[in-house]
Protein chains: 2
Amino acid sequence: MKPELILVIEDDAAILFGLRDNLQRAGYEVRSAGDGHQGLELARTLRPHLVLLDLMLPGLSGHEVCRRIRVDGLEMPVVMLTALGEEAQVVRGLNLGADDYVTKPFGIGELMARIAALLRRHRRVIPDVVHIGSLEVDRGARRVSRKGAEIELTPKEYGLLEFFTRKSGRALTREQILDAVWGDSAAVTDRSVDRAVTTLRSKIEENPNRPSLIQTVPQVGYRFEG
Amino acid sequence: MKPELILVIEDDAAILFGLRDNLQRAGYEVRSAGDGHQGLELARTLRPHLVLLDLMLPGLSGHEVCRRIRVDGLEMPVVMLTALGEEAQVVRGLNLGADDYVTKPFGIGELMARIAALLRRHRRVIPDVVHIGSLEVDRGARRVSRKGAEIELTPKEYGLLEFFTRKSGRALTREQILDAVWGDSAAVTDRSVDRAVTTLRSKIEENPNRPSLIQTVPQVGYRFEG
DNA sequence: TTTGAGCGTCATCAGGTGGTAACAACGGAG
DNA sequence: CTCCGTTGTTACCACCTGATGACGCTCAAA
């Protein structure tokens with residue numbers, strides 16, 4: 001069997017070395033990055049089976065890396081490494097799509113057990129192309145079409161639609177949507193979500209006046225019908 | 001807020017008390033057992049959404065409880081509570097089907113975060129849908145239907161129904177209902193509860209004149225029959 | 001520098017929501 | 001049987017929410 005590839009994004013060289021050593025000893029293939037930007041880039045190009053992600057990073061924060069990984073439609077498990085006392089951060093990270101976290105200093109045995117468990121659990125396959133009615137969303141190609149005709153979406157529109165496809169069938173609050181699609185950078189009103197939904201509807205709904213794909217959930221937010 | 005049921009299997013009364021307190025404060029419903037046999041029995045009958053399981057138990061060991069839960073085909077997440085230095089046991093536990101573990105003494109915040117994460121992840125697979133007679137309430141999608149036909153509820157009506165499903169079988173005062181559904185913000189008469197109940201009945205009762213789901217409790221308030 | 005796309009904000013508007021009030025129905029006490 | 005407090009029901013309408021067009025800011029490309 002081909003060894004599983006793990007990407008470690010960690011700026012502390014000592015910790016990185018220890019991790020690499022242990023992971024390789026356990027039979028994994030390891031790649032690493034020392035800052036957020038490089039890490040995100042490698043996650044995109046290497047498509048590792050799992051990402052070990054330090055929260056405190058130069059460049060992009062761990063949160064931002066995690067969010068962008070999900071925005072890009074990458075579905076591998078993400079384990080966050082946090083220092084003691086960063087518990088509040090952890091909850092946010094889990095909301096952004098992280099699967100687990102480990103608090104430094106950690107026992108290497110514990111970490112290895114968690115990694116093994118996540119990889120085992122994750123061996124279900126997630127399709128790259130999603131069909132909703134006559135709509136086709138190709139996450140790999142980042143392309144949307146209906147009956148063969150491509151629909152041009154702006155980056156934000158696509159990000160929103162991609163998020164919807166991942167949470168399809170569930171009622172989503174505007175806050176959840178903002179957090180996942182806009183990220184922490186933006187100081188943005190939740191009216192912006194409304195606006196983005198309107199324009200997205202105008203492009204992907206057969207009849208934008210009576211939306212069938214994106215339902216409004218009054219007082220809450222929206223629900224995508226998968 | 002979610003009405004999820006958590007089963008705690010723990011023989012140390014002090015720890016049990018603390019867990020129960022914190023879990024309830026976080027909005028979970030809690031049941032507990034003091035030994036392995038009783039715990040397994042409750043897991044089978046109550047079908048909780050998540051099990052907190054001490055490793056060292058009188059009667060059946062935690063490992064054995066975990067194994068038998070999986071043998072019975074129960075799929076809820078299991079979190080093991082282990083003492084320091086039981087790391088070797090942990091790997092065994094994970095192999096037996098546990099989803100996570102926490103080492104005592106643990107930070108309560110960390111434990112709560114893990115629990116929340118597991119429940120969230122698990123909901124993806126198994127939607128939390130409640131059936132009451134022919135009525136179906138999908139809390140994730142925020143949707144209500146009977147025999148496949150969707151029932152359109154206004155936000156307030158849905159909130160009221162959702163609250164009822166969480167407190168089903170108990171008589172609720174109008175004040176309790178106002179508190180939970182309207183929140184402290186609103187300066188509202190308790191006649192508003194009556195009115196909301198009436199409209200809700202007209203939508204979800206088979207025969208609104210002889211309500212079977214929402215019973216009036218004279219001088220007190222209402223009771224939802226689950 | 002110009003230009004244009006993307007996107008966040010604002011103002012406006014339509015429609016829905018839900019609180020109040022007013023009255024009817026009910027039921028228990030005396 | 002009558003009275004009175006409680007609950008059911010309906011009508012009304014003030015207020016809020018979400019949809020949408022317009023505007024302007026920013027950034028990158030030409």
Side-chain angles (χ1 to χ4, degrees), chain A residues 71 142 144 151-164 171-224, chain B residues 142 144 151-164 171-205 207-224:
Chain A
V71 166
R142 240 185 132 78
V144 182
I151 299 176
E152 303 241 347
L153 296 184
T154 69
K156 190 114 304 192
E157 287 160 4
Y158 179 83
L160 182 60
L161 176 58
E162 215 264 5
F163 179 63
F164 273 143
L172 302 166
T173 67
R174 290 182 175 76
E175 196 179 350
Q176 285 177 301
I177 297 171
L178 274 181
D179 223 34
V181 181
W182 271 255
D184 41 3
S185 54
V188 175
T189 327
D190 51 0
R191 309 268 73 228
S192 292
V193 177
D194 296 27
R195 202 67 193 74
V197 166
T198 299
T199 62
L200 182 56
R201 274 176 176 159
S202 73
K203 291 191 180 181
I204 67 169
E205 292 278 1
E206 310 240 31
N207 179 353
N209 300 330
R210 315 205 94 242
S212 65
L213 295 173
I214 306 175
Q215 299 293 338
T216 301
V217 183
Q219 311 287 339
V220 176
Y222 299 93
R223 170 162 27 79
F224 187 74
Chain B
R142 243 184 131 80
V144 182
I151 299 176
E152 303 240 349
L153 296 184
T154 69
K156 192 113 305 188
E157 288 160 3
Y158 179 85
L160 182 60
L161 176 58
E162 218 248 26
F163 179 63
F164 275 144
L172 301 165
T173 67
R174 290 183 175 72
E175 195 177 352
Q176 285 176 302
I177 296 171
L178 276 180
D179 236 31
V181 181
W182 272 254
D184 36 5
S185 57
V188 176
T189 327
D190 49 359
R191 296 307 321 273
S192 292
V193 177
D194 296 22
R195 184 197 183 281
V197 167
T198 299
T199 62
L200 183 56
R201 274 176 177 157
S202 73
K203 291 191 181 181
I204 67 169
E205 292 278 2
N207 180 352
N209 300 330
R210 316 201 88 238
S212 66
L213 295 173
I214 305 175
Q215 300 293 339
T216 301
V217 183
Q219 316 290 347
V220 178
Y222 300 93
R223 175 167 22 83
F224 186 74

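By convention in this document, chain letters (A, B, ...) are assigned in the order of the sequence lines, proteins followed by strands, and residues within each chain are numbered from 1.
Considering only the side chain of Arg201(B), dG8(D) comes nearest among dG19(C), dT20(C), dG8(D). Residue Thr189(A) has its side chain nearest to dT9(C) when only dG8(D), dT17(D), dT9(C) are considered. Side-chain atoms of Lys156(B) lie closest to dG18(C) of the nucleotides dT7(D), dG18(C), dT20(C). The nucleotide whose nearest atom lies closest to any side-chain atom of Arg174(A) is, among dA19(D), dG18(C), dG18(D), dG18(D).
As a whole-Å value, the separation of Trp182(A) CH2 from dG8(C) P is 6 Å. When the C1' atom of dT7(D) is taken as reference, atom OH of Tyr222(B) falls 6 Å away, rounded to whole Å. Computed from coordinates, the Leu200(A) CG to dG8(C) C1' distance equals 16 Å when rounded to whole Å. Rounded to an integer number of Å, the gap from CZ of Arg195(B) to P of dA21(C) is 13 Å. Look at CG on Asp194(A): it is 18 Å from P on dG15(C), rounded to the nearest Å. Rounding to whole angstrom units, CG of residue Leu178(A) and P of dC7(C) are separated by 14 Å. Distance, Gln219(A) CD to dC16(D) P: 11 Å, rounded to whole Å. Rounding to whole angstrom units, CD of residue Glu152(A) and P of dC7(C) are separated by 13 Å.
Judged by closest nucleotide on DNA chain C, Lys203(A) is the one of Lys203(A) and Ser192(A) placed further toward the 5' end. Both Thr199(B) and Val197(A) lie close to DNA chain D; mapped to their nearest nucleotides by heavy-atom distance, the more 5′-ward contact belongs to Thr199(B). Each of Pro155(B) and Leu153(A) has a nearest nucleotide on DNA chain C; the 5'-most of these lies closest to Leu153(A).
Residue Thr154(B) is in sugar-phosphate contact alone, with no base atom involved, counting any heavy-atom pair closer than 4.0 Å across all strands shown.
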Next on the checklist: Quick one, Arg174(A) with Val197(A), criterion side chain to side chain contact (heavy atoms under 4.5 Å, CB included). Give me CA distance, side-chain angles, the key distance, then yes/no.
Outcome noted: CA-CA 11 Å; Arg174(A) 290 182 175 76; Val197(A) 166; over 6 Å; no

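Counting only N and O atoms by type, the side chains of Thr216(B) and Arg201(B) include a donor and acceptor under 3.5 Å apart.
Side-chain N or O atoms of Glu205(B) include one that pairs as donor or acceptor with a backbone N or O of Leu213(B) at under 3.5 Å.
Note: Tyr222(B) and Phe164(B) have perpendicular aromatic rings, judged against thresholds of 30 and 60 degrees for the angle between ring planes.
The number of heavy atoms from other shown groups lying within 6.0 Å of CD (Gln215(B)) is above 12.
Of the side-chain N and O atoms in Thr216(B), one or more sit less than 4.0 angstrom from OP1 or OP2 of dG8(D).
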